[in-house]
Amino acid sequence: MTLSTEQAQWFRSGFTDMVDNMGQALLGKDHVVRLSLTCLLSEGHLLLEDLPGTGKTMLARALANTVEGRHARIQFTPDLLPTDVTGVTVYDQQKGTFEFHPGPIFHDIVLADEINRASPKTQSALLEVMEEGHVTVDGVTHDVPRPFMVIATQNPIEQAGTYRLPEAQLDRFLMKSSVGYPDAESTEELLLSSHIRDRAELVKPIATTAVIAEMSALAAQVHIDRSLVTYIRQLAEASRDLRHVRMGLSARGCLALVRVVKTWAAADGRTAVVPEDVNTLAEPVLCHRLLLDPQAQFSGVTIAEVIAELLSSVPPPLDRARG
């Protein structure tokens, strides 16, 4: 089953409404807002890495407030335990049975704030639930709700007392992005409205979890031509032979790119993917999956430059330029 034109227009309308709703909290940041919504509707998880005070937590809260569901925030600290995330089994003396007390991970949207400040053992508590959608505690498996999304933030500047996320966990995130500083107009508007202490409170729920689930199902029906699948496969193969790269794009990374370009196309009101969708989303999907060799890092080569070189080295299919 493929997406109809009417369904694509309905999807675009709902997506635009959510972008505008979140825009009340993040002024002039439509692109990163669209990326976060694309990640949610693609049933993936988002990693936000940026400087302090740029609005990472604000973006996560705005997204959570837009969806009428259950939300939780976990402040990651060095003393945080895995059971503080997943929950714990407690013995009830009156009933004479063990009862599971779910942790904050059992919410629709979970904000993992400053995830790199927790120990690797606590970070790994997220691995199973992010990949498989359930948590196993004391041998018993517990499913998390649907939709389910983890939005993690980390600060790339302050490294004292932090634990770098391992590559295995980075790959669990569908996309990685940053908010960045606002432009001049947005900065002045933000300063003029300084009396609003919490802009995320302006964001009210406008979409139910049922609507999010329906939109996710529709996004999966967007058509992607075989020539574009070949293009993505060629990008993956070329990434493994790039200079400065010691680990290229995996099959899981290719699947991630296919999922997000379908959602991006639907958000634009189209029923099919075009090459421009792949080029637009290549960086947020690939930037945390391509590993640079030590010499490249020492020389100051950036992952953005490597992805730009990758895209220029593989020509897109010209016969699929419009969807």
Side-chain angles (χ1 to χ4, degrees), residues 35-49 56-57 59-61 63-64 67-90 98-154 162-177 209-210 212-213 216-217 219-220 250-253 255-256 259-260 263 284-285 288-289:
L35 285 179
S36 65
L37 280 171
T38 298
C39 194
L40 171 65
L41 296 173
S42 303
E43 299 183 337
H45 310 287
L46 177 66
L47 177 62
L48 295 172
E49 183 178 83
K56 300 184 296 296
T57 304
L59 172 62
R61 291 182 57 212
L63 177 58
V67 181
E68 194 176 277
R70 300 174 64 237
H71 321 124
R73 177 188 181 195
I74 310 172
Q75 184 64 50
F76 277 66
T77 56
D79 60 346
L80 192 73
L81 299 176
T83 51
D84 294 329
V85 176
T86 59
V88 64
T89 302
V90 178
F98 287 93
E99 290 188 357
F100 176 65
H101 291 216
I105 200 67
F106 288 88
H107 288 73
D108 295 297
I109 298 179
V110 179
L111 169 58
D113 218 357
E114 296 186 288
I115 188 174
N116 56 335
R117 293 201 177 279
S119 67
K121 185 175 183 180
T122 301
Q123 291 175 4
S124 65
L126 291 173
L127 283 176
E128 179 186 16
V129 67
M130 290 175 63
E131 181 68 17
E132 302 176 20
H134 59 245
V135 172
T136 302
V137 178
D138 295 329
V140 180
T141 299
H142 308 272
D143 292 327
V144 295
R146 286 286 186 270
F148 172 71
M149 180 182 185
V150 173
I151 306 175
T153 70
Q154 63 179 9
T162 63
Y163 301 87
R164 180 176 175 271
L165 288 174
E167 282 73 17
Q169 185 158 338
L170 280 174
D171 201 31
R172 265 43 175 201
F173 289 98
L174 186 63
M175 290 195 285
K176 177 184 175 184
S177 186
T209 53
I212 297 299
S216 296
S250 66
R252 178 158 56 186
L255 287 170
R259 285 163 57 192
V260 297
T263 305
V285 175
H288 57 298
R289 291 184 165 92

Please tell me if the side chains of [X] and [Y] come closer than 4.5 Å, counting only heavy atoms from C-beta onward.
X    : Y    : answer
V67  : T209 : yes
T122 : V85  : yes
E43  : R259 : yes
I212 : L41  : yes
L165 : I115 : yes
T77  : R117 : no
V137 : V88  : no
V135 : F106 : yes

Which donor-acceptor pairs under 3.5 Å do side chains of residues 139-153 form with protein atoms, sequence neighbours excluded?
{"residue": "T141", "atom": "OG1", "partner": "T136", "partner atom": "OG1", "Å": "3.3"}
{"residue": "T153", "atom": "OG1", "partner": "D113", "partner atom": "OD1", "Å": "2.6"}
{"residue": "T153", "atom": "OG1", "partner": "E114", "partner atom": "N", "Å": "2.9"}

Would the distance check show the side chain of N116 and the main-chain N or O of R164 forming a donor-acceptor pair, the cut-off being under 3.5 Å? no
Please check: side-chain N/O of H45 versus main-chain N/O of M130, any donor-acceptor pairing under 3.5 Å? yes
With E68 via salt bridge (Lys or Arg N to Asp or Glu O under 4.0 Å) - residues at least two apart: none
Interatomic spacing from [atom1] in [X] to [atom2] in [Y] - rounded to 0.5 Å:
X    : Y   : atom1 : atom2 : result
I109 : R61 : CD1   : CZ    : 13.0 Å
S119 : D79 : OG    : CG    : 9.5 Å
L48  : L59 : CG    : CG    : 5.5 Å
M175 : L47 : CE    : CG    : 11.5 Å

With [X], which residues qualify under side-chain hydrogen bond (donor to acceptor under 3.5 Å, both in side chains), at least two apart?
X    : result
E49  : Q154, K176
D171 : R252, R289
T38  : none

Kindly write out the residues that satisfy side chain to side chain contact (heavy atoms under 4.5 Å, CB included) with A72, not counting sequence neighbours, or none if the list is empty.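 Counting only residues at least two positions away or on another chain, A72 forms a side chain to side chain contact (heavy atoms under 4.5 Å, CB included) with P104, H107.
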Please determine whether side chain to side chain contact (heavy atoms under 4.5 Å, CB included) holds for the pair L46 and L63, giving the CA-CA distance in whole Å, both sets of side-chain angles, and the decisive distance to 0.1 Å. CA-CA 11 Å; L46 177 66; L63 177 58; 5.7 Å; no
Derivation of the side chain to side chain contact (heavy atoms under 4.5 Å, CB included) call for L126 and V110: CA-CA 11 Å; L126 291 173; V110 179; 5.9 Å; no
Minimum-distance pair of heavy atoms, taken over all atoms of [X] and [Y]:
X    : Y    : result
F76  : A118 : CD2-CB, 3.2 Å
V285 : G253 : CG1-O, 4.1 Å
L40  : S216 : O-OG, 4.2 Å

